[in-house]
Peer 1: 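Sharing a structure with you now.
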Amino acid sequence: MSEYYAEVKWLRGNEETYIDNKYSRSHLWKFDGGITVQASSSPHVVPLPYSVEANVDPEEAFVASLSSCHMLFFLSIAAKRKFTIDEYVDNAVGIMEEGEDKKILMTKVTLRPKVTFSGSKQPTMEQIEKMHHQSHEQCFIANSVKTEVVTEMIA
């Protein structure tokens, strides 16, 4: 068993009444490795200026976390099979909408990985598909959510 920690910190601004619901949603995420990330609600959820468009929002982080987890397993699987990867780029997209129970949720995340291999040993499309399937099966994050996660390989 492993434990993971994140500190999420928000402070009310001096000029903010707060109870009028006109307060900044900007906050910090601090991780155990020492990095701090500027976060905010999404402007799609809380309108500007109360959100900070430049900051990472929880929905983006959710999509990035699924993509990152999948990628890390894919890299590991490919390395074990002696395929050399030079670049892995995923332009993942998450869809948030109303579910059957009328709750708003991330219903689908589409991973769109483009993998560049080099060297004399090149995987077939069937091998790439199998590695993506194995990556999805092993991804802790994908195994933890009810969101549909699909992979559309980019050639």
Peer 1: Taking all atoms of both residues into account, what is the closest heavy-atom pair of Ser41 and Ser51, and its distance?
Peer 2: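 So the two residues come closest at OG-OG, 2.7 Å.
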
Peer 1: I'd like to know if Glu98 pairs up with Lys102 as an ion pair, taking the criterion as any Lys NZ or Arg NE/NH1/NH2 lying under 4.0 Å from an Asp or Glu carboxylate oxygen.
Peer 2: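 Salt bridge between Glu98 and Lys102, a charged N being under 4.0 Å from a carboxylate O: yes.
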
Peer 1: Report, as yes or no, whether the 6.0 Å neighbourhood of atom CG on Leu48 holds more than 12 heavy atoms from other residues, nucleotides or ligands.
Peer 2: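 Yes.
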
Peer 1: Between Tyr4 and Phe31, is the ring centre distance below 6.0 Å?
Peer 2: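 They do not qualify: ring centres at least 6.0 Å apart.
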
Peer 1: Under the side chain to side chain donor-acceptor pair (under 3.5 Å) definition, can you give me all pairs with a residue in residues 145-155, not counting sequence neighbours?
Peer 2: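 Found Arg112-Glu152.
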
Peer 1: What residue among Thr107, Val45, Val63 forms side chain to side chain contact (heavy atoms under 4.5 Å, CB included) with Met96?
Peer 2: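 Exactly one candidate clears the test, Val45.
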
Peer 1: Under the criterion side chain to side chain contact (heavy atoms under 4.5 Å, CB included), which of Val52, Val46, Asp57 is the partner of Ser40?
Peer 2: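 Of Val52, Val46, Asp57, side chain to side chain contact (heavy atoms under 4.5 Å, CB included) with Ser40 is met by Val52 alone.
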
Peer 1: Quick one: does Met71's side chain get under 4.5 Å of Pro113's, heavy atoms only?
Peer 2: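 Side chain of Met71 against side chain of Pro113, heavy atoms only: no contact under 4.5 Å found.
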
Peer 1: Give me each pair satisfying side chain to side chain donor-acceptor pair (under 3.5 Å) with a member in residues 113-123, each pair once, sequence neighbours excluded.
Peer 2: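 Output for this query lists Asp86-Ser118.
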
Peer 1: For Phe74 and Ile128, which heavy atoms make the closest approach, and how far apart are they?
Peer 2: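 In terms of heavy atoms, the two residues are closest at CE1-O, 3.9 Å.
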
Peer 1: NE2 of His44 to CD of Glu60: how many Å apart, nearest 0.5 Å?
Peer 2: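 The CD atom of Glu60 is 8.0 Å from NE2 of His44, to the nearest 0.5 Å.
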
Peer 1: Please round to the nearest 0.5 Å and tell me the distance separating atom NZ of Lys22 and atom OH of Tyr50.
Peer 2: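 Nearest 0.5 Å value for the NZ-OH distance: 5.0 Å.
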
Peer 1: Decide yes or no for Met131 and Phe83: does some side-chain heavy atom of the first lie under 4.5 Å from some side-chain heavy atom of the second?
Peer 2: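 They are in side-chain contact.
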
Peer 1: Taking the side chain as every heavy atom from C-beta outward, state whether Gln138 and Gln134 have any pair of such atoms under 4.5 Å apart.
Peer 2: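 In contact.
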
Peer 1: Please work out which of the three classes, parallel, tilted or perpendicular, describes the rings of His70 and His132, given edges at 30° and 60°.
Peer 2: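 Ring orientation of His132 relative to His70: parallel.
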
Peer 1: If you count the non-hydrogen atoms of other residues, nucleotides and ligands that lie under 6.0 Å from CD1 in Ile104, is the total more than 12?
Peer 2: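 Yes, because the 6.0 Å sphere around CD1 of Ile104 holds more than 12 heavy atoms from other groups.
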
Peer 1: For the CG atom of Leu105 and the CD atom of Glu100, what is their distance to the nearest 0.5 Å?
Peer 2: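 Interatomic distance, Leu105 CG to Glu100 CD, rounded to 0.5 Å: 9.5 Å.
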
Peer 1: Check the angle between the aromatic planes of Tyr18 and Tyr23 and answer parallel, tilted or perpendicular using the 30° and 60° thresholds.
Peer 2: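 Judged by the thresholds at 30° and 60°, the geometry between Tyr18 and Tyr23 is tilted.
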
